[in-house]
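Remember, it's a predicted structure, so these values are computed and weren't measured experimentally.
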Amino acid sequence: PIEVFAWEDDEETLVDLEEDKLAEVLPTARAVLAEQNLVLQHTAVTLTATGELPDSGEVLTLDFDEEGEESEPEEFQELANFYHQNRQYAIYTPVEPLLFFARLDEAGRPQLLSPEEFEALGPALEADLWDDLD
């Protein structure tokens with residue numbers, strides 16, 4: 001998975017991009033990642049990159065606190081920086097894997113669980129996942 005962020009003018013704050021702004025900078029992000037032999041794809045759920053990730057890069061810890069809600073900080077590995085129309089952007093990949101939960105349909109094709117299905121199955125899936133890791 002890939003995340004593209006914009007730096008605020010103070011260059012100390014990263015902001016998530018709205019879908020229209022992401023679409024505007026996507027060609028430049030693709031070109032920058034292509035220089036590292038990575039192919040950026042706009043998939044159904046998230047941006048992804050195929051290819052071999054660089055061995056190391058700056059790791060950034062971000063805390064996505066929603067109003068009144070606590071959240072776990074997430075770590076991201078920096079892949080690249082670029083400028084578009086005089087604004088700096090950064091491309092990151094999460095250090096921890098991103099999990100998608102799906103079920104097989106009648107034809108044997110995976111289908112992502114709906115939010116309602118995931119909510120109903122979430123506790124059982126989480127218990128099974130942690131049991132497998134032990």
Taken to the nearest 0.5 Å, the spacing of Glu3 CD from Phe76 CZ works out to 5.0 Å
Should Glu18 and Lys21 count as an ion pair when the cut-off is N to O under 4.0 Å? no
Gap separating the CZ atom of Phe5 from the CD atom of Gln88, nearest 0.5 angstrom: 13.5 Å
Rounded at 0.5 Å granularity, tell me how far CD in Gln41 sits from CZ in Arg30. 8.5 Å
One should read off an interatomic distance between Thr28 OG1 and His84 NE2, to the nearest 0.5 angstrom, of 5.5 Å
Minimum side-chain heavy-atom gap Glu24-Gln85 below 4.5 Å: yes
Go through the steps to decide whether Val15 and Trp7 satisfy the test side chain to side chain contact (heavy atoms under 4.5 Å, CB included), and finish with yes or no. CA-CA 6 Å; Val15 293; Trp7 285 102; over 6 Å; no
Is the shortest side-chain N to carboxylate O distance from Glu8 to Arg87 below 4.0 Å? yes
Starting from Val25, walk the hydrophobic network (Ile, Leu, Val, Met, Phe, Trp, Tyr; side-chain heavy atoms closer than 4.5 Å) and list everyone else you reach, by chain and number. Ile2, Val4, Leu17, Leu22, Leu26, Val32, Leu33, Leu38, Leu40, Leu47, Leu53, Leu79, Phe82, Tyr89, Ile91
On a heavy-atom basis, the closest approach of Pro94 and Pro1 is CD-O, 3.4 Å
On a heavy-atom basis, which atom in Ala90 and which in Leu14 lie closest, and how many Å separate them? CB-CD2, 4.4 Å
Identify, with sequence neighbours excluded, every residue that meets side-chain hydrogen bond (donor to acceptor under 3.5 Å, both in side chains) alongside Glu117. Arg103, Ser114
